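First up is the structure itself, then whatever we jot down about it.
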Amino acid sequence: MTNEYKLSVVVLVYNTQYYLEDCLDSLLNQTLEDMEIICVNDESTDNSLNILKQYARKYDNITIIDQKNQGGAVAGNNGLKIAKGEYVAIIDSDDIVVEDAYEKLYNKAKQTDSDIVAGKPVKYVSRYQREITYKNNIWDEERTFTVDEFKDIYYDVFYWNKIYRREFVEKHDIYMIPGKIYADVPLVYRAYSFADKISIIPDVVYYWRRRAQEDIIEGNSDTSISKSLLDIPNMKDRLSTYYYAKDYFKEAGKEQYFSYVIKTYLERFFYPIKGILKDENFKKAYLSEIKAILSDIDDIYDNNLEIRYNLFFYFILNDMDKDLEDFLNFDLDERSTVYRDGKLYWNVKYFDNPDYNIPDEVFEIGKAEDNFINVDDISADSKFIYFNNIELPRNLKINEVKVAFMGLTKRDSLRANNIFEFGLDEVGDHIYSGKVNVDEITNINNYDVHLKVVYDDDYEIFRFKERLFKKENSEIVELNKNKDLRFYFTSLGNFSITKGYCRNFFDYRADSQSMTLIPHTDGAAIYKVAFNYKYDNVYFSKKDESPKIRLQNELELIWKYSIEENTKYNLNIEIHKNKFKLKKDAFVDFKEQTVEYNGKKIRIFEDDDGSIAIILK
């Protein structure tokens with residue numbers, strides 16, 4: 001087999017005109033040389049094909065396959081079958097690949113002689129990176145292994161954050177199932193099961209675009225073909241993954257792992273379950289399909305899923321359809337628990353109830369989850385953020401509890417620079433409290449606030465949200481007494497904190513042309529610096545927005561276009577409609593300065609209210 005390229009990237013294209021150029025540019029800007037890009041257009045009805053043709057005319061390493069609409073699985077296979085690279089990758093055309101991702105993945109493959117190399121993906125929502133919190137620790141460290149040594153790799157069911165040796169793909173028929181909508185998981189499971197060696201690198205390699213609701217409303221997005229709640233063929237396609245995966249494990253001689261692996265994926269089979277409340281035909285079809293699957297799995301209640309799934313299993317396996325509907329309608333958010341003989345049980349109305357006679361093991365809580373986390377409150381003063389009495393299930397063997405501030409991070413910036421973790425103290429039996437020094441959160445940003453529960457060899461991450469708190473949202477917000485912070489809850493009820501000030505954050509310089517702010521952090525800033533003029537804001541502009549250079553973002557105000565004589569301008573930091581004073585302490589060593597400008601003088605000084613001000617006289 002001749003390899004004409006180091007890597008072939010197959011791009012699956014269907015109606016992604018608003019995102020396609022971002023995707024292609026990310027491939028063309030890769031630091032790995034000697035790549036081919038195979039774009040398979042699945043009869044898009046928008047402008048996607050014209051965009052592909054424009055790029056193909058300009059770049060000779062781009063090949064277009066323009067096929068009749070046959071679905072993403074056939075498109076992926078057609079691309080793989082003409083690939084000439086030593087390794088291959090498959091990606092979606094609305095996503096973005098980090099510029100040095102393929103160089104790192106390829107080098108790791110060559111260093112370890114691996115059949116598959118995977119890197120860390122992140123969500124990409126409204127131009128910001130977001131953590132994938134589900135089984136996040138898979139990508140925490142660099143490792144090379146077989147599936148016998150690290151079965152948790154099966155939690156990573158994504159096909160697009162990996163490269164695969166082409167010879168391995170062809171030898172073991174690692175292709176998607178033609179016509180299948182949910183074709184990604186069977187492909188990945190088959191690849192893992194046949195691989196002699198797999199490697200992981202902890203670097204972020206892939207931005208998985210999660211389209212925001214506003215994009216859909218504004219017409220910049222098409223709703224996914226895989227989200228139809230009451231579509232029976234769609235549901236059956238989803239559940240058929242079970243049987244394909246089972247056959248693949250048997251074929252690869254990995255049958256002993258199938259029960260463990262399928263339980264890691266099982267909750268996805270329940271994504272459509274609320275459809276049974278809306279349509280009788282769907283209900284009949286779904287319950288029949290899912291019961292057959294559950295009946296086939298050994299020790300179904302021995303799993304690491306949220307406790308509600310055990311109730312789903314029990315009701316479905318025992319044909320308790322009405323109770324299942326009642327449970328879905330009224331009981332999913334029940335938070336009461338019972339501690340008995342060292343075990344913790346979900347005290348939902350079916351527990352210990354002779355009318356149902358359900359075994360206690362079905363209700364036994366084996367992990368932390370939202371329903372069983374209770375938080376008194378979060379507050380703040382001028383120096384600290386206080387996390388008060390976070391109560392976790394008392395039967396769990398917990399090594400450590402932390403709070404994690406995960407700041408918004410723009411594309412091509414290092415997300416690690418915006419993540420800050422702090423340990424909490426155990427102040428009672430599985431009750432944790434602590435305080436965070438505000439100055440130790442060293443970036444001006446919006447922060448998603450998470451709880452991190454650490455066990456012996458694993459951890460779980462939970463977003464602080466309104467249902468965890470004993471107080472109302474408005475009460476929590478009012479507990480913030482720090483003028484440089486904002487507490488708020490998102491429209492989805494998630495708790496976040498905006499930090500609008502950091503000590504020793506900027507340097508500045510000024511001359512006869514402009515004033516420049518130099519932040520001490522890398523990566524694209526999400527804040528703006530501005531002052532109010534009459535009825536509008538005047539903003540400092542970025543001097544360097546190059547996505548290829550992770551450097552400090554200098555912000556510049558050009559005098560000529562910005563200020564008028566005898567008017568004082570007070571500088572502010574703005575983050576997502578929140579406004580904070582830009583204070584003297586935000587500078588490493590602020591000194592008042594006067595510069596000449598057109599025969600007049602511009603004074604930069606600390607005003608009476610503590611903010612930095614500018615005046616031309």
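Predicted model, so just to flag it, every value in this text is computed and none were measured. Residue indices begin at 1 and follow the sequence shown. The figures that follow rest on heavy atoms only: side chains count, while hydrogens, waters and symmetry mates do not.
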Can you confirm if the NZ or CZ of Arg190 lies within 45° of the ring axis of Tyr248 and under 6.0 Å from the centre of its six-membered ring? yes
Check whether any side-chain heavy atom of Ile200 sits under 4.5 Å from a side-chain heavy atom of Phe150, and report yes or no. yes
Lys197 side chain to Thr112 backbone, donor-acceptor under 3.5 Å: yes
Do the side chains of Glu255 and Lys250 get close enough for a salt bridge, i.e. N-O under 4.0 angstrom? no
Between Asp156 and Asn161, is any side-chain donor less than 3.5 angstrom from a side-chain acceptor? yes
So Ile96 and Tyr206, do their side chains get closer than 4.5 Å, heavy atoms only? no
Quick check against the 3.5 Å criterion: does Gln129 have a side-chain atom that pairs as donor or acceptor with the backbone of Lys410? yes
Which heavy atom in Ser199 sits nearest to a heavy atom in Ser114, and how many Å separate them? OG-OG, 2.7 Å
Basic-acidic side-chain contact under 4.0 Å: Glu131, Arg415: yes
Flag for Lys483-Ser382: side-chain donor and acceptor within less than 3.5 Å: no
Any donor and acceptor pair, going by atom type alone, linking the side chain of Arg486 with main-chain N or O of Ser496 inside 3.5 Å? no
Look at Arg209 together with Asp94 and state whether they make a salt bridge at an N to O cut-off of under 4.0 Å. no
Does either side chain, that of Tyr459 or that of Asp140, offer a donor lying less than 3.5 Å from an acceptor on the other one? yes
Does one side chain, of Arg238 or Tyr182, offer a donor that lies under 3.5 Å from an acceptor on the other? yes
Verify the ring-centre separation between Phe249 and Tyr257: is it less than 6.0 angstrom? no
Think Arg463 forms a cation-pi with Phe495, using NZ or CZ under 6.0 Å from the six-ring centre and within 45 degrees of its axis? no
Side chains of Thr409 and Asn418: donor-acceptor distance under 3.5 Å anywhere? yes
My understanding is that only residues two or more places apart in sequence, or in another chain, count here; which of them pass salt bridge (charged side-chain N to carboxylate O under 4.0 Å, His left out) with Lys104? Asp100, Asp203
State whether Tyr260 and Lys151 meet the cation-pi test: NZ (Lys) or CZ (Arg) under 6.0 Å from the six-membered ring centroid, and within 45° of the perpendicular axis. yes
Under 4.0 Å between a side-chain nitrogen and a carboxylate oxygen: does that hold for Lys108 and Glu142? yes
I want to check something: taking the side chain as every heavy atom from C-beta on, are Tyr527 and Asn445 in contact at a cut-off of under 4.5 Å? no
Cation-pi check, Lys435 to Tyr386: give yes when NZ or CZ is under 6.0 Å from the six-membered ring centre and within 45° of the ring axis, no otherwise. no
Can Asp231 and Lys236 be counted as an ion pair, charged N to O under 4.0 angstrom? no
Any ion pair linking Asp370 and Lys465 (charged N to carboxylate O, less than 4.0 Å)? yes
Is there a donor-acceptor pair under 3.5 Å between the side chain of Glu334 and the backbone N or O of Asp331? no
Looking only at atom types and distance, does a side-chain atom of Glu369 sit under 3.5 Å from a main-chain N or O of Ile307, one as donor and one as acceptor? yes
Going by distance alone, is a donor N or O of one side chain under 3.5 Å from an acceptor N or O of the other, for Tyr350 and Asn357? no
Is it true that atom CG of Asp457 has more than 12 heavy atoms of other residues, nucleotides or ligands lying nearer than 6.0 Å? no
Where Lys499 and Val438 come nearest, the two heavy atoms and their spacing: NZ-O, 2.6 Å
Do Arg411's NZ or CZ and the ring of Tyr207 fall within the cation-pi criteria of under 6.0 Å and 45°? no
Let me see the working for Val403 and His450 under side-chain contact (heavy atoms from CB on, under 4.5 Å), right down to the final yes or no. CA-CA 6 Å; Val403 289; His450 293 76; over 6 Å; no
Would you check if the side chain of Glu440 reaches a backbone N or O of Asn437 as a donor-acceptor pair within less than 3.5 Å? no
Decide, yes or no, whether a salt bridge links Asp439 with Lys383 under the criterion of side-chain N to carboxylate O below 4.0 Å. no
Ring-plane angle category for Tyr447 and Phe420, please: parallel below 30°, perpendicular beyond 60°, tilted otherwise. perpendicular
Test log, rule side-chain contact (heavy atoms from CB on, under 4.5 Å), inputs Phe384 and Asn482: CA-CA 9 Å; Phe384 298 100; Asn482 187 320; over 6 Å; no
Between the side chains of Tyr455 and Glu460, is a donor N or O closer than 3.5 angstrom to an acceptor N or O? yes
Shortest non-hydrogen contact between Ile575 and Gly500, atoms and distance: CD1-CA, 4.3 Å
Measure the shortest side-chain to side-chain distance between Leu451 and Ile390 over non-hydrogen atoms and say whether it is less than 4.5 angstrom. yes
salt_bridge(Lys284, Asp321) N-O dist < 4.0 Å: no
Counting distance only, does the side-chain N/O of Asp299 pair as donor-acceptor with the main-chain N or O of Asp302 below 3.5 Å? no
Between the side chains of Asn389 and Asn374, is a donor N or O closer than 3.5 angstrom to an acceptor N or O? no
Test of ring centre spacing under 6.0 Å for Tyr501 and Phe505: no
So, does Lys367 use its side chain to make a donor-acceptor pair with the main chain of Asn304 at under 3.5 Å? yes
Considering non-hydrogen atoms only, spot the tightest contact between Asn388 and Ser379 and give its length. ND2-OG, 3.6 Å
His576 side chain to Asn446 side chain, donor-acceptor N/O pair below 3.5 angstrom: yes
Is it true that a side-chain atom of Asp237 and a backbone atom of Ile181 form a donor plus acceptor pair closer than 3.5 Å? yes
Does the pair Asp381/Lys481 count as a salt bridge with the N-to-O cut at 4.0 Å? no
Is it true that Lys283 and Glu325 make a salt bridge, defined as a side-chain N closer than 4.0 Å to a carboxylate O? yes
Is Tyr286 close to Ile232 at the side-chain level, that is, under 4.5 Å between some pair of heavy atoms? no
Are the aromatic ring centres of Phe351 and Phe363 under 6.0 angstrom apart? yes
Just by distance, no angles: are the side chains of Arg308 and Asn371 close enough, under 3.5 Å, to form a donor-acceptor pair? no
Flag side-chain contact, heavy atom, 4.5 Å: Thr498 against Phe580: yes
Are the side chains of Leu332 and Lys274 in touch, meaning some heavy atoms are under 4.5 Å apart? yes
Evaluate Lys349 against Asp323 for salt bridge (Lys or Arg N to Asp or Glu O under 4.0 Å), listing each step before the verdict. CA-CA 11 Å; Lys349 68 184 180 185; Asp323 296 302; over 6 Å; no
Ser336 versus Tyr345, side-chain donor and acceptor atoms under 3.5 Å: no
Carboxylate-amine/guanidinium proximity below 4.0 Å for Lys397 and Asp456: no
Evaluate the side-chain contact (heavy atoms from CB on, under 4.5 Å) criterion for residues Ile198 and Thr144: first the C-alpha distance (whole Å), next the side-chain angles of each, then the deciding distance (0.1 Å), finally the verdict. CA-CA 6 Å; Ile198 302 168; Thr144 299; over 6 Å; no
Contact between Pro121 and Val204 at the side-chain level, heavy atoms closer than 4.5 Å - yes or no? no
Whether the side chain of Lys577 engages the backbone of Glu574 through a donor-acceptor N/O pair (distance < 3.5 Å, no angle test) should be reported. no
Return a table of donor-acceptor pairs under 3.5 angstrom between the side chains of residues 312-319 and protein atoms on other chains or two or more places apart.
residue, atom, partner, partner atom, Å
Asn318, ND2, Tyr314, O, 2.8
Asp319, OD1, Lys291, NZ, 2.9
Asp319, OD2, Lys291, NZ, 3.1

